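These notes concern the structure reproduced below.
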Number of protein chains: 2
Amino acid sequence: MAQHLNYAPENVESTDAALAAVRQMIEAGKLPADGRLPTERELAAEFGCGRRTIRRVLDALEAEGLIWRKQGKGTFAGQPPDPTGALAAEIAPDADPLVVMEARLCIEPALAELCALRATGEDVLRLRQLAQRASQPIDADTAELWDGALHRAIARIAGNRVMLTAFALLDEVRMGADWQKQRHRARSAETKALYDQQHNQIIDAIQARDGAGAFQAMRAHLQALSDNLRVSMGEADR
Amino acid sequence: MAQHLNYAPENVESTDAALAAVRQMIEAGKLPADGRLPTERELAAEFGCGRRTIRRVLDALEAEGLIWRKQGKGTFAGQPPDPTGALAAEIAPDADPLVVMEARLCIEPALAELCALRATGEDVLRLRQLAQRASQPIDADTAELWDGALHRAIARIAGNRVMLTAFALLDEVRMGADWQKQRHRARSAETKALYDQQHNQIIDAIQARDGAGAFQAMRAHLQALSDNLRVSMGEADR
DNA sequence: ACGCAAACCAATGTCAGAATGGTTCGGGAC
DNA sequence: GTCCCGAACCATTCTGACATTGGTTTGCGT
């Protein structure tokens with residue numbers, strides 16, 4: 001597996017050139033919307049080299065995390081997607097918003113706790129930016145979008161693949177369900193301010209590496225969301 | 001939707017006869033291993049009635065929870081399965097046992113808390129039985145099986161469809177992963193006793209409707225499992 | 001009014017063929 | 001010997017056409 005890297009001069013030149021070309025092809029954004037790269041055979045023909053050389057280049061890019069490959073499917077730029085769509089569609093039809101919120105109350109505090117243990121300074125900065133976007137005085141739909149992005153970022157930073165998949169499932173159910181469309185449109189200024197404050201409390205705890213604090217802050221935030229939801233549903237069905 | 005149930009006499013007789021026949025067909029266990037019933041068209045031909053009548057019979061059985069149907073697939077006896085297999089297979093290959101255990105530490109305490117709020121007396125009885133089975137002096141494999149059944153039962157009693165799916169996903173990853181085969185085979189008598197005691201603490205809290213207590217007890221139990229796992233892995237990779 | 005029969009719709013399973021990444025082998029250049 | 005190229009083969013995935021199945025509508029008859 002561990003190959004020694006002493007190529008003959010001309011080989012170094014050709015493989016390096018191909019690597020640079022493919023890398024530029026990826027970073028230039030000259031790809032279809034789905035990020036699909038040409039097939040290995042096409043790339044080999046285009047650069048006038050063999051498939052084996054192309055594969056070594058792609059191996060490097062894959063190890064670098066720039067691309068991902070799947071046999072029978074193709075080579076793609078970016079990160080491999082979490083294939084939770086099918087499962088979410090299965091659950092979404094009979095998804096009671098309160099059930100979904102209860103699940104969020106179970107999972108997301110734990111994610112915040114993990115996030116507090118693993119977030120880098122850069123991560124915290126990105127969370128701050130997202131919270132700031134969500135707090136801008138814009139329409140409710142956009143605010144909801146940035147709020148979702150913030151919660152997703154926390155889940156990603158938590159750094160546990162299994163938990164991330166579970167969260168992605170939950171997130172898709174939440175977004176895909178019909179009740180989302182008829183949800184509480186009118187956020188009062190007070191609740192908006194409360195949510196912003198809670199977002200900052202969560203991020204403060206994460207920045208301070210305070211796992212328990214992040215857990216509690218996230219739980220309080222979701223509890224507020226849940227209460228708001230329950231009120232706006234008229235409390236008719238519980 | 002809400003149909004009045006005053007059929008003409010001869011109709012009552014025929015549909016009732018068909019209903020009884022299909023019900024008996026299901027309960028007699030005269031079905032393929034997958035629980036598949038004949039198609040609606042076949043049933044109609046067999047009983048000499050129309051599809052509409054058969055559909056009304058199946059509607060009743062479905063509302064009763066005895067069967068489930070899926071367009072393009074068929075009619076089946078029993079409960080619809082949670083289709084988490086594909087997702088689990090996707091994650092399992094690169095499933096670090098410690099990552100899985102961390103996810104369990106995030107999800108299962110919350111499930112135990114929900115379980116404490118919703119378990120009936122009958123539920124508690126069943127949990128006691130499972131815990132007792134797991135504590136019998138049998139080989140490690142069988143004990144692990146009953147332990148899994150106990151945790152699954154807690155997740156089911158928690159009564160949240162979304163959380164149950166997330167747990168099912170986690171459970172399949174845990175069971176399907178290769179590392180399961182080379183796991184810590186030898187449970188010492190002390191750890192075995194500890195696990196039994198922790199199981200009983202969890203169930204005690206559930207019986208007492210003590211959500212926070214169930215949460216903590218489950219967390220402590222999984223923490224012990226995690227510690228044991230970390231030790232048996234030689235602590236080489238963390 | 002109700003059941004029956006037929007037809008159509010939408011979703012699913014099945015099957016064969018093509019495309020693709022993963023792998024192995026032998027030949028040739030240095 | 002080492003490395004690349006070309007070719008072939010394998011396993012997985014996608015695509016399309018077709019049959020099957022539950023879901024639904026329509027018309028006829030009792």
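Predicted model, so just to flag it, every value in this text is computed and none were measured. Reminder, nothing fancy here: chain letters follow the sequence lines and each chain counts from 1.
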| request: Identify, with sequence neighbours excluded, every residue that meets salt bridge (Lys or Arg N to Asp or Glu O under 4.0 Å) alongside A/Arg51. | output: A/Glu40

| query | Between residues 37-46 of chain B and DNA chain D, which residues have a heavy-atom gap below 4.0 Å? | reply | B/Thr39, B/Glu40, B/Arg41

| request: Applying salt bridge (Lys or Arg N to Asp or Glu O under 4.0 Å), name anything that partners B/Arg41, two or more places apart in sequence or on another chain. | output: none

| message | For a 4.5 angstrom cut-off between non-hydrogen side-chain atoms, does A/Leu164 reach A/Asn160? | response | no

For nucleotides 10-14 of chain C, list the nitrogen or oxygen atoms of the protein found under 3.5 Å from its nitrogen or oxygen atoms, one pair per line.
unit_1	atom_1	unit_2	atom_2	d
C/dA10	N3	B/Gln71	OE1	2.5
C/dA11	O4'	B/Gln71	OE1	3.2

| said: If you compare all heavy atoms of B/Ala155 against all heavy atoms of B/Phe167, which two are closest, and at what distance to 0.1 Å? | reply: CB-CD2, 3.4 Å

| A/Arg51 has an atom CZ; how far is it from atom C1' of D/dA8, in whole Å? | 10 Å

| note | Between CZ of A/Arg36 and P of D/dT13 the distance, given in whole Å, is 14 Å

| How would you list, by chain and number, every residue that makes a side-chain hydrogen bond (donor to acceptor under 3.5 Å, both in side chains) with B/Asp227, sequence neighbours excluded? | none

| request: Rounded to the nearest angstrom, tell me the gap between atom CZ in A/Phe47 and atom C1' in D/dC4. | output: 17 Å

| message | Please tell me if A/Thr75 has a side-chain N or O lying less than 4.0 Å from either OP1 or OP2 of C/dG21. | response | yes

| message | Whole angstroms only, please: what is the CH2-C1' distance between A/Trp68 and D/dT12? | response | 13 Å

Side chains of residues 32-39 of chain A: which donor-acceptor pairs under 3.5 Å do they make with residues two or more places apart or in other chains?
unit_1	atom_1	unit_2	atom_2	d
A/Asp34	OD1	A/Arg36	N	3.3
A/Arg36	NH2	A/Lys73	O	2.6
A/Thr39	OG1	A/Glu42	N	3.2

| task | Round to a whole Å and report the spacing from CZ of A/Arg52 to P of C/dT20. | result | 23 Å

| query | Would one find more than 12 heavy atoms of other residues, nucleotides or ligands at under 6.0 Å from atom CD of A/Glu64? | reply | yes

| request: Let me know the distance between CD1 of B/Ile54 and P of D/dG22, rounded to the nearest Å. | output: 11 Å

| said: Go through it in stages, so that I can follow the logic: the residues are B/Arg104 and A/Val162, the test is side chain to side chain contact (heavy atoms under 4.5 Å, CB included), and I'd like the CA-CA distance, side-chain angles, deciding distance and then a yes or no. | reply: CA-CA 9 Å; B/Arg104 293 187 69 184; A/Val162 180; over 6 Å; no

